[in-house]
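Down below is the structure, laid out as structure tokens.
Heavy-atom basis, side chains included; hydrogens, waters and symmetry copies ignored. Below, chains carry the letters A, B, ... as their sequence lines are ordered, and counting in each starts from 1.
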Protein chains: 2
Amino acid sequence: MARPREFDAEFALDRAMEVFWAKGYEATSLDDLCEATGLSRSSLYATFGSKRNLLLQSVDRYVERRTPNIAAALARPLPIRDAISALLGEFIDQIVSGPGRRGCFLGNCAAELPRHDRAALARVRQGLTRTEGTFREALVRARARGELAPSADVAALARFLTAGFQGLRLVGKANPDRAVLGDIAKTLLRCLEERNCRRNPHKREFGHDHQTSTACTPPESEAA
Amino acid sequence: MARPREFDAEFALDRAMEVFWAKGYEATSLDDLCEATGLSRSSLYATFGSKRNLLLQSVDRYVERRTPNIAAALARPLPIRDAISALLGEFIDQIVSGPGRRGCFLGNCAAELPRHDRAALARVRQGLTRTEGTFREALVRARARGELAPSADVAALARFLTAGFQGLRLVGKANPDRAVLGDIAKTLLRCLEERNCRRNPHKREFGHDHQTSTACTPPESEAA
DNA sequence: TCGATTTTGGACTATATAGTCCAAAATTGC
DNA sequence: GCAATTTTGGACTATATAGTCCAAAATCGA
């Protein structure tokens, strides 16, 4: 081999991720990325290929970095509700305390990325699925400890928690108000109370039979 | 007066909103806006001032347009849970049926807008607050009808529902899977069951006392 | 030391972008 | 019809952008 790299690609990726996270994909320029990573354009392109490719890798990186944190928070020697409550509280603290208010990178990407960008959305989906899995594993353990009803639908609860956390952080970005976020978290936690976590077999599942067209205007011919 | 306008500003605003909604703020160019509205640059600028200003007005427009829809859905002669269930189902249908998968415009803006953009975030916040108010009013009526416990904390429930819907739609953008979204909706609805909606006075409220630093890395010196 | 190989800085390109400007067109009151 | 007034199309500007390219520098094996 010849001349070695003067930078650490992992470190550069972390810094790039931070920028994408803080500013969003479109609003991040290559100059921003060069400045944040300390790399020149040639090194950036040689290492990561393109801005878009760097985003994809940043998403993966984010997931790698955050999943263990969440897993650790849920593995604390606490009743699962208390562990989740603490996790919610930490997010809320981060949000209301100001500077770190960037939301969840996965959520930001999901919101910003155009829906025709299959590859990128797949990465985001994988990340969300991993979060969901982390929640589910913790719930399974909690159920085994007797904290949830034996019939608790932990898969559904995990999905719900994933969406709930996303909702909390998204709302928090626009409305970093402790009272509001506390209400959301408090109510969310109630869904974990033991009596709510039994399966309810005669309850209709979702889908298939809704008629009235409400919500938001659907049409518009798929703006390019 | 002299020469009259050849276009309808309201109509143009609607079209502009659609583009922002579909593509996001940064990814929408003035050419996109001109094409969608049919206006020339001069007319656009004379009418709306700037791209950013047009976004702000689009947000307001979106809120004006969607609030009555939600209000109407919640005012249907149904138990509140059924009305909300139907609303969730409609959103899910829209998401999984494909083309309309743009998420909520407010959520998209909250995710994309930089947090230093006070004015824009305030508009978004107002929109979310209005949604919350719509939920709350419906819940108050439901409580008066005896569908919720007299002590139900309808304000907290409304905030929770606002975040929950945001979470559902955000997750749906990355993962338009009926099973996943159905689980989220199903679990969310459980929080509305009568027995869950009583105030629980000795339960600790949120905030103030969380210690471990988990979640996602907070630092980074406020990337410009 | 030398040739081979890789990295690096930064100049460069081609394009896209938000916003400006003005002459021509359209309309009004008279 | 005419002067006044407003709108309109689109040319124009200045800048920012993603990505390319290459000569110089740095390192390695021999």
Could you list the protein-to-nucleotides 8-10 of chain D atom pairs, N/O on both sides, closer than 3.5 Å?
| residue | atom | partner | partner atom | Å |
| --- | --- | --- | --- | --- |
| D/dT8 | OP1 | B/E6 | N | 2.3 |
| D/dT8 | OP2 | B/S43 | OG | 3.1 |
| D/dG9 | N7 | B/S40 | OG | 3.4 |
| D/dG9 | N7 | B/S42 | OG | 2.5 |
| D/dG9 | O6 | B/S42 | OG | 2.7 |
| D/dG10 | O6 | B/S42 | OG | 2.8 |

Over how many whole Å does the gap from [X] atom [atom1] to [N] atom [atom2] extend?
{"X": "B/Y45", "N": "C/dA18", "atom1": "OH", "atom2": "P", "answer": "7 Å"}
{"X": "A/D32", "N": "D/dA16", "atom1": "CG", "atom2": "C1'", "answer": "11 Å"}
{"X": "B/L30", "N": "D/dT13", "atom1": "CG", "atom2": "P", "answer": "18 Å"}
{"X": "B/L33", "N": "C/dG19", "atom1": "CG", "atom2": "P", "answer": "10 Å"}
{"X": "B/L44", "N": "D/dT7", "atom1": "CG", "atom2": "C1'", "answer": "13 Å"}
{"X": "B/D31", "N": "D/dC12", "atom1": "CG", "atom2": "C1'", "answer": "14 Å"}
{"X": "A/F48", "N": "C/dT7", "atom1": "CZ", "atom2": "C1'", "answer": "14 Å"}
{"X": "B/K51", "N": "C/dT20", "atom1": "NZ", "atom2": "C1'", "answer": "17 Å"}

With A/D117 via salt bridge (Lys or Arg N to Asp or Glu O under 4.0 Å) - residues at least two apart: A/R52
Using salt bridge (Lys or Arg N to Asp or Glu O under 4.0 Å) as the criterion, list what pairs up with A/E6, not counting sequence neighbours. A/R3
Report the distance from atom CD1 of A/I84 to atom CG of A/L157, rounding to the nearest 0.5 Å.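 The distance works out to 8.5 Å.
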Scan residues 23-46 of chain B for pairs that pass ring-ring contact (aromatic ring centres under 6.0 Å, His included), counting only residues two or more places apart or in two chains.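 Pairs touching residues 23-46 of chain B that pass the test: B/F20-B/Y25.
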Holding to ring-ring contact (aromatic ring centres under 6.0 Å, His included), I want the full list of residues that pass it with B/F165, two or more places apart in sequence or in another chain.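 Once residues adjacent in sequence are excluded, the partners of B/F165 under the ring-ring contact (aromatic ring centres under 6.0 Å, His included) criterion are B/F91, B/F135.
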List the residues meeting side chain to side chain contact (heavy atoms under 4.5 Å, CB included) with A/A111, not counting sequence neighbours, and say none if there are none. B/N108, B/A111, B/L170
